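Remember, it's 1-based here, ligands and their atoms both numbered in the order they're listed. Keep in mind that what you see is a predicted model, and the values were worked out from it rather than measured.
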Amino acid sequence: MENAPLLDRYVELIGETFLENIYKKARSVEGIRVLHINTTHRGGGVAELLGALTPITDNLNIQHKRKVIQLDPDSNHFTTRIVDMLQGGIAGTIPEKEKQNFLRWLQQALPQQPTEEENADIYFIHDFQLIPLARLFPWLQPTIWFCHIDTDKPNPDAVDYIMEYQRDYQLCVFNNPFTVFKQHLGDRAQVLTLGIDPFTEKNAALSADVGEECLIRCGIDPKRPLITQVARFDRWKNPWQAIDIYRRVKREEPEVQLALVGAMEAADDINALNILHDVQKYAQGDPDIHLLSDPKVVRHREVNALQRYSSVILQRSTKEGFGLTITEAMWKYQPVIGTTATGPRTQIIHGTNGYISDETEEATEYTLHLLRDRDKWEEMGQQAHEHVRQHYLIPTMLIHYLSLLESVSG
Ligand code: UDP
């Protein structure tokens with residue numbers, strides 16, 4: 001364990017006792033190999049989470065490997081319908097034929113027996129898309145399913161679909177206590193609260209000069225007020241409402257600009273492209289609306305600058321299990337104007353370190369208030385930062401994560 005300096009750098013944020021507890025827990029699972037399976041290399045919360053966790057756990061001699069199973073267009077279509085039902089509660093049933101086609105496709109995704117590449121002591125299957133894997137490949141044991149979406153008010157048919165496959169998992173992990181299917185899972189349901197790493201390029205301190213350069217690189221005028229939402233171009237992130245709020249604010253503050261930041265890593269992500277095109281139309285060529293989707297322009301440093309040096313941060317998601325972007329912005333001293341979706345309403349304390357409202361008018365009022373009263377904005381931003389320090393930094397997630405490994409490793 002003497003070769004674990006990465007973790008030591010958190011001591012000032014979490015204290016020595018907490019750090020010691022992490023080391024103790026890590027010792028109990030030292031040497032094990034964990035394989036995480038998900039559907040995207042980069043982009044989105046899962047990739048972010050694994051990117052943050054892996055260097056630290058590797059350093060603790062807990063080996064992490066990743067396997068990405070990229071969905072083909074038909075599978076993508078099928079699983080998009082499931083997320084709409086699970087997350088959006090959208091009515092409908094899952095056609096048996098499509099389900100069978102998807103299972104046949106998934107059956108080809110891994111070998112019948114693990115090769116060196118897949119061999120591990122514990123498996124993590126991320127998100128609803130891949131949940132049938134543990135049934136299809138009995139060698140994936142012990143295995144943990146990790147649900148990342150907002151399942152607070154799901155369609156019952158979609159829940160039945162998930163329930164059919166969850167039995168093959170030792171644990172089912174959710175990122176928010178309100179998204180757990182408690183009545184169905186009993187003790188196997190666990191909550192792993194996500195944390196961010198304050199030392200990564202996305203979250204570390206960034207000087208105002210560098211921040212300004214980044215904004216200019218994104219085509220933004222750093223001298224004028226800026227409202228920003230960082231989110232994939234996805235229907236549940238509700239970029240349209242961010243535009244509505246901006247337009248109302250602009251009537252009173254004509255200098256204001258808007259950035260919608262969703263770098264698209266996969267050029268063939270049809271869903272994201274369709275939403276981006278729709279949002280482009282909605283923006284009606286307004287030169288003060290910046291739709292930032294090019295990953296060559298919007299890298300981690302630019303996301304950092306946009307979150308840190310915007311005047312006001314919005315997160316208008318209608319569905320969100322846990323919004324990493326909210327935590328990231330709060331860490332950067334920003335009070336976030338969120339919604340009553342599961343993540344925002346649990347991550348933000350209304351009136352103390354941000355605001356919660358689903359209404360466009362009310363959210364506009366909060367935006368104007370934060371734009372005009374910068375002392376209040378600063379005071380709430382301090383509270384936001386402190387809230388993240390106490391609850392949402394990576395060491396807190398790590399200790400819970402190690403407990404999960406411990407409980408299935410036998
Ligand atoms: N993100 C990014 N660049 C972008 C947009 C998003 O790096 O242009 C990151 C963002 O900083 C966050 C993650 O993608 O770390 C999104 O996670 P979140 O939980 O907010 O949403 P998800 O995409 O998982 O629904």
Side-chain angles (χ1 to χ4, degrees), residues 38-53 79-80 83-84 86-88 126-129 146-151 174-176 179 192-198 200-204 206 214-215 217-218 220 228-239 242 259-267 269 271-273 275-276 279 290-308 310 313-332 334 336 338-339 341-344 346-348 388 392-394 397:
N38 79 319
T39 56
T40 47
H41 280 286
R42 302 182 59 186
V46 179
E48 196 72 27
L49 169 76
L50 296 182
L53 207 54
T79 55
T80 299
V83 73
D84 288 350
L86 269 177
Q87 195 163 245
H126 289 272
D127 251 332
F128 59 94
Q129 293 100 331
F146 199 155
C147 176
H148 292 268
I149 60 169
D150 187 352
T151 46
F174 297 79
N175 58 20
N176 193 310
T179 60
L192 180 66
T193 303
L194 305 185
I196 59 161
D197 188 341
T200 58
E201 198 181 14
K202 182 176 288 173
N203 297 317
L206 189 73
C214 290
L215 296 193
R217 226 173 98 76
C218 293
I220 290 163
T228 293
Q229 169 161 300
V230 178
R232 286 179 294 112
F233 284 97
D234 181 278
R235 62 182 288 196
W236 304 110
K237 306 286 185 184
N238 201 2
L260 295 176
V261 187
M264 257 183 283
E265 298 297 341
D269 184 345
N271 296 337
L273 269 178
I275 300 293
L276 176 62
V279 174
H290 300 271
L291 305 181
L292 302 173
S293 63
D294 184 349
K296 289 198 283 304
V297 176
V298 185
R299 301 159 308 180
H300 283 184
R301 182 181 287 201
E302 282 70 27
V303 174
N304 188 341
L306 285 152
Q307 289 175 326
R308 196 176 289 278
S310 289
I313 297 284
L314 304 178
Q315 187 67 50
R316 307 308 305 156
S317 310
T318 51
K319 295 285 170 185
E320 187 82 73
F322 185 96
L324 277 174
T325 52
I326 296 174
T327 304
E328 289 162 1
M330 288 174 77
W331 176 247
K332 293 161 194 142
Q334 292 277 6
V336 175
T339 61
T342 316
T346 47
Q347 293 171 259
I348 298 166
V388 172
Y392 298 120
L393 290 184
I394 203 160
M397 173 171 82

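- For ligand 1, the atoms lying closer than 4.0 Å to a non-hydrogen atom of G262 are 8 (O).
- Listed by atom number, the atoms of ligand 1 under 4.0 Å from V230 heavy atoms are 5 (C), 6 (C).
- Taking a cut-off of under 4.0 Å to the non-hydrogen atoms of E328, the atoms of ligand 1 that pass are 10 (C), 11 (O), 12 (C), 15 (O).
- Every atom of ligand 1 is numbered from 1 in the order shown, and the set under 4.0 Å from a heavy atom of A263 is 4 (C), 8 (O).
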Less than 3.5 Å apart, which donor and acceptor atoms pair up between the side chains of residues 320-327 and the rest of the protein, not counting sequence neighbours?
residue	atom	partner	partner atom	Å
E320	OE1	K237	NZ	3.1
E320	OE1	S317	OG	2.7
E320	OE2	K237	NZ	2.9
T325	OG1	Q315	OE1	2.9
T327	OG1	Q347	NE2	2.9

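- Within ligand 1, the atoms closer than 4.0 Å to a non-hydrogen atom of V261 are 5 (C), 8 (O), numbered from 1 in the order shown.
- The closest approach between F322 and ligand 1 falls below 4.0 Å for a heavy atom of the residue.
- Interatomic distance, OG1 of T342 versus CG of N176, reported as 6.0 Å (0.5 Å rounding).
- From E201, atom CD reaches atom CD of E302 across 8.0 Å, with rounding to the nearest 0.5 Å.
- With rounding to the nearest 0.5 angstrom, the OG1 atom of T318 is 9.0 Å from the CG atom of D150.
- The distance from the CZ atom of F146 to the CG atom of L50 is 9.0 Å, given to the nearest 0.5 Å.
- Listed by atom number, the atoms of ligand 1 under 4.0 Å from R232 heavy atoms are 22 (P), 23 (O), 25 (O).
- Taking each of H148, K237, Q307 in turn, the one with a heavy atom nearest to atom 22 (P) of ligand 1 proves to be K237.
- D234 places a side-chain N or O within donor-acceptor distance of the main-chain N or O of W236, the cut-off being under 3.5 Å.
- Residue-level proximity to ligand 1 for D234 is absent, since no heavy atom of it falls below 4.0 angstrom.
- Applying the side-chain contact (heavy atoms from CB on, under 4.5 Å) rule to T339 yields the partners R316, A341, P344, D358; only residues at least two apart in sequence or on another chain are considered.
- Between L324 and ligand 1, at least one pair of N/O atoms sits closer than 3.5 Å.
- No donor-acceptor distance shorter than 3.5 angstrom exists from the side chain of Q307 to the backbone of Q334, with no hydrogens or angles considered.
- Contacts with ligand 1 closer than 4.0 Å are made by heavy atoms of both the backbone and the side chain of T325.
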